[in-house]
Amino acid sequence: MKRWREAECKRVHDPFYGRKVAVNPVEIDGKCIWVLGPIIVGGGPSGLAVAACLKKKGIPCVVLERANCVASLWQLKAYDRLRLHLPKKFCELPLMPFPSWFPTYPTKQQFVAYLEAYAREFGIRPRFDEAVVAAEYDAVVGFWRVKTAVVNQGREEGGREYMCRWLVVATGENAEAVVPGFDGARDFKGPILHTSLYKSGDAFRGKRVLVVGCGNSGMEVCLDLCHHGAHPTIVVRDSVHILPREMLGRSTFGLSMWLLRWLPVHAVDRLLLLAARLLLGDTAKLGLPRPQLGPLELKLRSGKTPVLDVGTLEKIKSGAIKVRPAIKKLMEHGAEFTDGRWEGFDAVVLATGYKSNVPYWLKEQEFFSEKDGLPRRAYPYGWKGERGLYAVGFTKRGLMGASLDATRIAEDIERCWKAEVKTTMAFACAPTRQAQE
């Protein structure tokens with residue numbers, strides 16, 4: 001017998017049943033919670049985008065979020081000076097543009113405010129502090145079983161089990177910090193922290209800081225350290241494309257998208273690299289060699305994003321930021337590099353990125369790769385799996401890619417929803433027709 005949790009449920013008329021039903025979770029026999037619509041795992045921008053698109057179509061859903069807020073990566077794990085790297089028009093979520101008074105590159109605080117307003121606008125109320133620990137398709141009943149644990153002061157305890165027809169994985173590419181190991185790390189006397197724990201360079205004023213990683217985060221952290229009176233050194237282990245954030249009065253990204261309408265990728269890459277050479281100079285002389293592939297082709301093949309320079313390169317040219325090769329080992333008060341040099345440091349910041357955590361909780365091996373936790377099929381085909389499984393935020397194409405996939409997912413679920421409604425209504429009307437005959 002089904003037991004309705006009235007305190008949590010809102011009843012609406014649903015043609016699927018021809019009567020009022022609960023659109024929020026419903027507890028069944030005290031054992032599990034049945035969800036009428038999809039379950040969305042993740043309350044970041046990708047999860048919010050799917051939820052909004054579903055809400056607009058009148059399809060209920062439940063959003064499960066392990067943190068205590070929406071967009072936890074932005075709110076809890078992003079440094080203070082962070083801004084959107086691309087112009088706001090390329091970062092809008094479906095159905096709601098940014099406010100016109102926002103700058104071209106909104107700050108972290110402005111973007112978070114936008115996401116919170118987005119959730120309010122579409123009535124999205126995630127179930128916070130609820131981490132998904134396992135999800136598996138039950139072929140016997142034809143539903144997904146999703147098990148969660150309640151997060152209490154950082155600890156996972158208790159938990160619930162849900163059942164749903166559709167499961168949307170929206171935990172994204174940046175769910176867990178990547179923390180590499182180094183020889184001698186235990187001997188190092190200073191702090192070693194990932195950028196997910198870095199907020200401001202103010203805490204490192206006057207200190208020598210080694211920043212590991214030369215992506216956008218590593219470059220911006222170095223700049224932030226400079227602005228707060230620290231002495232940063234950046235480790236460049238591999239080749240990297242650095243482009244000016246703007247060219248010819250337009251954003252480099254926007255200009256690239258416009259050029260791709262008329263020219264092939266390799267031709268656009270040549271133009272971008274020519275402009276970068278004229279505006280930035282030869283970065284290889286600074287210890288920043290470029291890859292063999294052009295920036296756009298490299299992005300398409302590997303997902304590696306070029307660095308959009310916001311002032312870091314000038315600090316490197318002036319000597320305010322030093323460039324060093326890979327670390328050979330850490331020592332008590334410094335590091336030895338692969339070129340044989342040794343230097344002293346007071347702290348190490350790891351700008352080594354993030355990874356997907358899907359393999360840890362999703363019991364499925366066909367759609368997602370166990371190796372990297374990303375969909376096996378490349379963009380634009382990696383948003384839909386089998387048996388009602390979907391993925392959003394795994395395109396390696398930022399917020400714009402997530403928004404496109406969110407729209408596709410909502411449209412696909414809507415088709416399934418309407419088809420099941422039609423089948424159910426036909427089945428319900430069959431006895432009536434037989435009686436009339």
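Throughout, numbering of the chain's residues begins at 1 and tracks the sequence.
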Applied to residues 278-288, the side-chain hydrogen bond (donor to acceptor under 3.5 Å, both in side chains) test, sequence neighbours excluded, yields none
Can I get a per-line list of side-chain donor-acceptor pairs under 3.5 Å for residues 254-268, giving both atom names and the distance, sequence neighbours left out?
residue, atom, partner, partner atom, Å
Ser256, OG, Thr252, O, 2.7

side-chain contact (heavy atoms from CB on, under 4.5 Å) involving [X] - partner list, sequence neighbours excluded:
X      : value
Asp80  : Lys108, Lys199, Ser200
Ala117 : Met96, Arg120
Leu279 : Pro244, Met247
Cys91  : Leu84, Leu86, Phe98, Leu399

Are side-chain N/O atoms of Glu130 and Thr148 paired as donor and acceptor at under 3.5 Å?
-> yes
Decide whether His231 and Arg208 meet the rule of one side-chain donor and one side-chain acceptor closer than 3.5 Å.
-> no
Please tabulate, for side-chain N and O atoms in residues 304-318, each donor-acceptor pair with protein atoms closer than 3.5 Å (sequence neighbours left out).
residue, atom, partner, partner atom, Å
Lys304, NZ, Ser239, O, 2.8
Thr305, OG1, Lys299, NZ, 2.9
Asp309, OD1, Gly311, N, 3.3
Asp309, OD1, Thr312, N, 3.1
Asp309, OD1, Leu313, N, 3.0
Thr312, OG1, Met219, O, 3.0
Lys317, NZ, Leu280, O, 2.8
Ser318, OG, Glu314, O, 3.4
Ser318, OG, Lys315, O, 3.0
Ser318, OG, Ala320, N, 3.4

Return each pair, listed once, that meets ring-ring contact (aromatic ring centres under 6.0 Å, His included) where at least one residue sits in [range]; pairs must be two or more places apart or across chains.
range            : result
residues 35-94   : Trp74-Phe111, Phe90-Phe253
residues 316-365 : His194-Tyr354
residues 364-391 : Phe368-Phe394

Quiz: residues 174-193 side-chain donor-acceptor pairs under 3.5 angstrom, not counting sequence neighbours:
residue, atom, partner, partner atom, Å
Glu176, OE2, Arg66, NH1, 2.8
Glu176, OE2, Asn357, ND2, 3.3

Tyr114 meets the side chain to side chain donor-acceptor pair (under 3.5 Å) criterion, sequence neighbours left out, with none
Evaluate the side-chain proximity of Ile327 to Val235: yes if any heavy-atom separation is below 4.5 Å, no if none is.
-> yes
